[in-house]
Amino acid sequence: VSDRVRLLLSWGASFFPGDGSSREFCICEARTCGITQLASLLESELGGRRCEIFNLSSQPELNGKTCVADEYLPDSNQYKVTLE
């Protein structure tokens with residue numbers, strides 16, 4: 001996924017359902033163009049969004065840190081993130 005797309009999502013880019021740019025349309029277009037990584041990112045609830053880590057008992061020093069959600073991991077119901 002391009003750095004520009006990740007940057008826009010991390011800044012809170014929105015979808016506009018009435019403007020031909022709905023979330024579903026963007027996911028479908030990404031799949032049609034063979035950009036499955038982008039489609040997967042857009043399908044996840046927090047995909048690409050800036051978030052705050054909290055309640056992480058295994059590494060409490062990360063609590064309060066800002067990160068970007070890169071990928072949803074359904075088996076563990078967690079996200080792979082990049083710290084800022």
Novice: What heavy-atom pair brings N55 and N63 nearest, and what distance separates the two atoms?
Specialist: N-OD1, 3.2 Å

Novice: Of the non-hydrogen atoms in A69 and V81, which two are nearest, and what is the gap between them?
Specialist: CA-CG1, 4.0 Å

Novice: Could you grab the distance from atom CD of E71 to atom CG of L46, nearest 0.5 Å is fine?
Specialist: 13.5 Å

Novice: Which pair of heavy atoms, one from G48 and one from V68, lies closest together, and at what distance?
Specialist: O-CG1, 3.5 Å

Novice: Just how far is it from atom SG of C51 to atom CD of E84, taken to the nearest 0.5 Å?
Specialist: 9.5 Å

Novice: Mind checking the CZ-CG spacing from R31 to L42? Nearest 0.5 Å is all I need.
Specialist: 9.5 Å

Novice: Is there a path from I35 to I27 through hydrophobic residues (I, L, V, M, F, W, Y) whose side chains come within less than 4.5 Å of each other?
Specialist: yes

Novice: Kindly indicate whether the side chain of N77, heavy atoms from C-beta on, has any atom under 4.5 Å from the side chain of Y72.
Specialist: yes

Novice: Using modelled atom types and a 3.5 Å cut-off, is there a donor and acceptor pairing between side-chain atoms of S40 and backbone atoms of Q37?
Specialist: no

Novice: Say whether L62 and F54 are linked into one hydrophobic cluster, either directly or through other cluster members, by side-chain heavy-atom distances under 4.5 angstrom.
Specialist: no

Novice: For L41 and D70, work out which heavy atoms get closest and say how close.
Specialist: CD1-O, 2.9 Å

Novice: Distance from I53 atom CD1 to K65 atom NZ, nearest 0.5 Å?
Specialist: 9.0 Å

Novice: Could you pull out the closest heavy-atom pair between S57 and P60, with the gap in Å?
Specialist: O-CD, 3.4 Å

